[in-house]
S.K.: 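The structure's right below; bear with me while I get my questions together.
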Amino acid sequence: QQLRFLQAPSSRLEANMISEEQKEQRKMGVGGSDLHNILNAEPYGCERKLWYQKTNQHPDLQEDLSKRGVIKRGNKLESLVVDEFLEHNPKYIISDVDVNYTKEHNGVTLIGNADAVIEDNAGNVGILECKTINAYGYKDISKHDRIPMSWRLQVQWYMYLSKKRYAVISVLWADGWEYKDWRIPYDEELVEEILESVKHFNGAVAGFREPPRLQFSDKRCTYCDFKS
């Protein structure tokens, strides 16, 4: 069976080992994974927490090292998610992997890192975003046939930066080896809302103005690293 890659993908391990310069760029710029925080999107987004991070505030609690394992596991499983995507969607090919996008907009560096670029048999080029989740998360999105807002914001960001008009979010529950995907069209109205929120947030960072706190009873505050 011929692999449907236009070019050989780079090593997933190498692709996910970013330089200190790239880490600093992500910290100072705005990436796709920042958006749910900037828009305070539930269930985990918090603009104030991101403001603390972007302004180099020290957390009150030590880093939860268990999160590193989850991130590493997700990175290593990305290539398997790509395989599942191709198996379930034979009309697509992978044209590139780990593609970085940057754009200067209103004095802010906008950053995107797409897991892969895909192309269907009609020549339409889009973005592939790979996700691995646990049993609870997979059953929840399968039951309601919906994906988290943070994922939608992320792929809209990548489509905006790459000038693509669709994205596919591929989701794998690795332990049960079950897979689903969603094709998401570009939403210009949502992107305009995102850009306006990014502009407002960047102003708060540049002016060192703390965003409003969430209600203390909000569950997002329960395990936050920033308590003060």
Side-chain angles (χ1 to χ4, degrees), residues 1-16 31-33 35-36 41 71-103 110-194:
Q1 182 181 1
Q2 184 178 6
L3 293 176
R4 297 195 308 281
F5 287 92
L6 291 186
Q7 63 185 55
S10 59
S11 162
R12 303 304 299 180
L13 184 58
E14 292 178 1
N16 287 291
S33 59
L35 301 180
H36 73 293
I71 295 171
K72 185 176 181 179
R73 179 177 184 267
N75 287 339
K76 286 183 173 291
L77 287 174
E78 276 183 18
S79 59
L80 298 180
V81 181
V82 171
D83 290 343
E84 287 297 301
F85 166 75
L86 291 173
E87 183 176 319
H88 285 80
N89 299 276
K91 69 178 182 178
Y92 288 91
I93 59 173
I94 305 293
S95 59
D96 205 354
V97 294
D98 294 301
V99 183
N100 295 300
Y101 302 101
T102 59
K103 178 184 174 97
L110 313 183
I111 305 165
N113 178 244
D115 292 331
V117 176
I118 55 179
E119 183 177 336
D120 65 21
N121 55 7
N124 300 307
V125 179
I127 295 293
L128 178 66
E129 177 64 22
C130 300
K131 301 293 185 184
T132 54
I133 56 177
N134 60 23
Y136 174 82
Y138 187 82
K139 289 177 181 178
D140 182 62
I141 64 173
S142 297
K143 178 180 179 180
H144 301 289
D145 194 31
R146 67 185 181 202
I147 56 177
M149 176 55 72
S150 59
W151 297 359
R152 291 186 179 275
L153 294 171
Q154 190 176 12
V155 295
Q156 291 295 335
W157 192 246
Y158 297 161
M159 284 187 275
Y160 167 70
L161 292 176
S162 65
K163 299 182 179 179
K164 307 292 190 295
R165 287 300 175 262
Y166 76 91
V168 175
I169 299 178
S170 294
V171 183
L172 177 67
W173 169 34
D175 293 337
W177 208 259
E178 293 190 31
Y179 171 91
K180 288 180 72 73
D181 58 47
W182 286 262
R183 179 163 167 151
I184 311 296
Y186 182 69
D187 186 335
E188 186 173 0
E189 185 175 336
L190 178 56
V191 169
E192 287 300 320
E193 180 183 345
I194 293 170

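Residues take their numbers from the sequence shown, with the count starting at 1.
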S.K.: L80: which residues meet the side-chain contact (heavy atoms from CB on, under 4.5 Å) condition with it, sequence neighbours left out?
M.R.: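 Applying side-chain contact (heavy atoms from CB on, under 4.5 Å) to L80 gives L77, D83, W177.
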S.K.: Atom CG in D115, atom OG in S170: separation rounded to 0.5 Å?
M.R.: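 Answer rounded to 0.5 Å: 9.0 Å.
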S.K.: Taking all non-hydrogen atoms of both residues into account, name the closest pair between W157 and G31 and its distance.
M.R.: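 Scanning both residues completely, I find the closest heavy atoms to be NE1-C, 3.7 Å.
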S.K.: Find out whether S162 and I127 are in side-chain contact, i.e. whether some heavy atom of one side chain is under 4.5 Å from a heavy atom of the other.
M.R.: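 In short, these two side chains touch, coming nearer than 4.5 Å.
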S.K.: What pairs with D187 under side-chain contact (heavy atoms from CB on, under 4.5 Å), at least two apart in sequence or on another chain?
M.R.: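 With sequence neighbours excluded, D187 shows a side-chain contact (heavy atoms from CB on, under 4.5 Å) to Q156, E189, L190, given in chain and number order.
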S.K.: Could you give the distance from OG1 (T132) to CG (L172), rounded to the nearest 0.5 Å?
M.R.: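 Spacing of OG1 (T132) from CG (L172) equals 7.0 Å.
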S.K.: Just how far is it from atom NZ of K103 to atom NZ of K163, taken to the nearest 0.5 Å?
M.R.: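 Spacing of NZ (K103) from NZ (K163) equals 6.0 Å.
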S.K.: I need the D181 CG to N89 CG distance, nearest 0.5 Å.
M.R.: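 Atom-to-atom, D181:CG and N89:CG are 4.5 Å apart.
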S.K.: Going by the rule side chain to side chain donor-acceptor pair (under 3.5 Å), which residues pair with Y138 if we only count those two or more places apart in sequence or in a different chain?
M.R.: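 Y138: no side chain to side chain donor-acceptor pair (under 3.5 Å) contacts found.
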S.K.: side-chain contact (heavy atoms from CB on, under 4.5 Å) with R165: which residues, sequence neighbours excluded?
M.R.: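 Once residues adjacent in sequence are excluded, the partners of R165 under the side-chain contact (heavy atoms from CB on, under 4.5 Å) criterion are Y186.
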S.K.: Say you draw a straight line from CG of D140 to CD1 of I133; how long is it, rounded to the nearest 0.5 Å?
M.R.: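 These two atoms lie 8.5 Å from each other.
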S.K.: Please say whether more than 12 non-hydrogen atoms of neighbouring residues, nucleotides or ligands are located less than 6.0 Å from CD in E188.
M.R.: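 Open: at most 12 neighbouring heavy atoms sit under 6.0 Å from CD of E188.
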S.K.: Using side-chain contact (heavy atoms from CB on, under 4.5 Å) as the criterion, list what pairs up with D120, not counting sequence neighbours.
M.R.: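 By the side-chain contact (heavy atoms from CB on, under 4.5 Å) rule, D120 matches Y92, A122, N124, Y166, R183.
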S.K.: I'd like a table of donor-acceptor pairs (distance under 3.5 Å, sequence neighbours excluded) in which one partner is a side-chain atom from residues 146-154, with atom names and distances.
M.R.:
| unit_1 | atom_1 | unit_2 | atom_2 | d |
| --- | --- | --- | --- | --- |
| Q154 | OE1 | K131 | NZ | 2.7 |
| Q154 | NE2 | Y158 | OH | 3.0 |

S.K.: How close do Y101 and V117 get, counting heavy atoms only, and between which atoms?
M.R.: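 For Y101 versus V117, the nearest heavy atoms are OH-CG2, 3.6 Å.
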S.K.: Could you check if a side-chain atom of W182 sits within less than 4.5 angstrom of a side-chain atom of D145, using non-hydrogen atoms only?
M.R.: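 Yes. Closest side-chain heavy atoms under 4.5 Å.
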S.K.: About how many Å separate CG of N113 and OG of S33, when rounded to the nearest 0.5 Å?
M.R.: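 If I round to the nearest 0.5 Å, the distance is 9.5 Å.
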S.K.: For E129 and V155, work out which heavy atoms get closest and say how close.
M.R.: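 Here E129 and V155 meet closest at CB-CG1, 3.7 Å.
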